[in-house]
Amino acid sequence: MSDLPIYNPLVLIGVGSSFAFSGLFYHLYKEKKDEMVKLKEIPKFVPDQHLVRILKASPHRKLQYVAVEGLVQADGDTLTSQFVPRCFGVIQKIAVEEHWKVWNNITRTWNSRTTNRKETNNAVPFSLVEPGAYITDITVKVHSPLEASGWFLERVHCSVKHAQEGLVDVLLENLSGERPMAQMETEELLRVGTTMTGFGEVVLEGGTGTTMRLQAPQDGRRYILVPTDYKGFIERHEGTANLWMRLTALFGITGASLLAGAVYSTMGKKDRKD
């Protein structure tokens with residue numbers, strides 16, 4: 001009986017793992033689709049008179065959770081890149097870290113290790129303004145952007161300095177079991193003029209005027225900043241959902257094909273015996 005293809009352990013493992021992966025990817029697909037439904041229910045605005053009028057007509061002059069799309073504009077002086085000419089931003093992160101090789105006596109191999117990471121963060125107040133509006137007094141100030149989730153910094157510089165080893169260094173590394181490899185320095189910026197979409201609570205400052213503030217929502221929902229327009233943000237989520245759906249179909253078809261092939265071969269062997 002165990003000689004029949006359908007009872008072959010490799011076939012059973014292949015069928016079972018294929019259906020298991022198909023179920024996993026379908027679960028991820030459903031989660032992403034549910035997330036997209038919730039995202040599309042969030043009202044989307046740009047910093048313009050329409051948003052100001054809605055806030056003035058809203059209780060407490062605020063909207064609890066909305067999406068605001070605009071261009072990044074510094075409220076005052078900008079930050080200048082330390083490495084790239086004529087590159088300006090409102091949030092800057094400079095990191096320096098050392099990469100070492102460490103000898104492992106158990107495996108008898110050199111392993112990589114990152115040490116002495118030093119990071120400097122700088123930020124200046126900034127706002128979102130309506131795309132295409134060159135002169136405007138309608139702005140949405142972004143409150144505490146470093147507390148928001150989402151990766152919105154762009155790497156503008158990366159340099160690697162490889163360690164120069166002399167005779168003394170070789171002797172020391174043999175004694176200590178550590179070897180310096182390189183020092184990497186990076187700079188990341190949120191650049192002025194970047195298209196950004198923020199998800200959070202919007203408040204009309206002072207109850208009047210045209211200055212608004214985007215801040216972390218008080219109802220526990222996530223405060224999110226993403227360096228793209230609203231349409232691109234939704235399309236990225238749709239692309240992820242489509243990927244999970246394709247993988248669901250791929251592994252489902254693979255499992256069904258393996259199972260059908262095993263059943264067909266089993267029936268064929270039984271017929272030949274009869």
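Below, each value reflects all heavy atoms present in this structure, side chains not excepted, and no hydrogens, waters or symmetry copies. Not measured: the values here are computed from a predicted model. Start at 1 with the first residue, then count along the sequence.
Between H157 and F83, the ring-plane angle classifies as parallel under the 30° and 60° cut-offs. A perpendicular orientation is assigned to the rings of F233 and H237, their planes being inclined by more than 60° (bins at 30° and 60°). Ring geometry for W244 versus F25: interplanar angle under 30°, hence parallel rather than tilted (30 to 60°).
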Please output the side-chain donor-acceptor pairs of residues 255-262 that fall under 3.5 Å, not counting sequence neighbours, one pair per line with the distance.
unit_1 : atom_1 : unit_2 : atom_2 : d
S257   : OG     : I253   : O      : 2.7

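Checked against ring pair (Phe, Tyr, Trp, His ring centres under 6.0 Å), F88 has no partners two or more places apart in sequence or in another chain. Every side-chain hydrogen bond (donor to acceptor under 3.5 Å, both in side chains) that E187 has, sequence neighbours left out, goes to S81, Q92.
For K141, the NZ atom sits in a loose shell: 12 or fewer heavy atoms of surrounding residues, nucleotides or ligands are nearer than 6.0 Å. Counting heavy-atom neighbours within 6.0 Å of D219 CG, excluding the residue itself, gives a total above 12. Within 6.0 Å of CD on E147 lie no more than 12 heavy atoms contributed by other residues, nucleotides or ligands.
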Evaluate the side-chain contact (heavy atoms from CB on, under 4.5 Å) criterion for residues F152 and M196: first the C-alpha distance (whole Å), next the side-chain angles of each, then the deciding distance (0.1 Å), finally the verdict. CA-CA 8 Å; F152 46 83; M196 170 169 279; 3.7 Å; yes
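Residues L71 and L128 are members of separate hydrophobic clusters, defined by side-chain heavy-atom contacts under 4.5 angstrom among Ile, Leu, Val, Met, Phe, Trp and Tyr. There is a path of hydrophobic side-chain contacts, each under 4.5 Å, that joins Y26 to F251.
Ionic pairing of E35 and K32 is present here: one or more N-O contacts between side-chain nitrogen and carboxylate oxygen are shorter than 4.0 angstrom. The existence of a salt bridge linking K118 and E97 is excluded, since no basic side-chain nitrogen approaches an acidic carboxylate oxygen closer than 4.0 Å.
A ring-ring contact (aromatic ring centres under 6.0 Å, His included) check over residues 51-71, counting only residues at least two apart or in different chains, returns nothing. Pairs engaging residues 235-244 under the salt bridge (charged side-chain N to carboxylate O under 4.0 Å, His left out) rule: K40-E238 [sequence neighbours left out].
The nearest pair of heavy atoms linking V226 to F199 is CG2-CE1, 4.5 Å.
Side chains of Q215 and E201: a donor-acceptor N/O pair is present below 3.5 angstrom, by distance only. Looking at D229 and T195, their side chains never bring a donor and an acceptor atom within 3.5 Å of each other.
V46 belongs to no hydrophobic cluster with other residues, because no ILVMFWY side-chain heavy atom falls under 4.5 Å from its own, directly or through intermediates.
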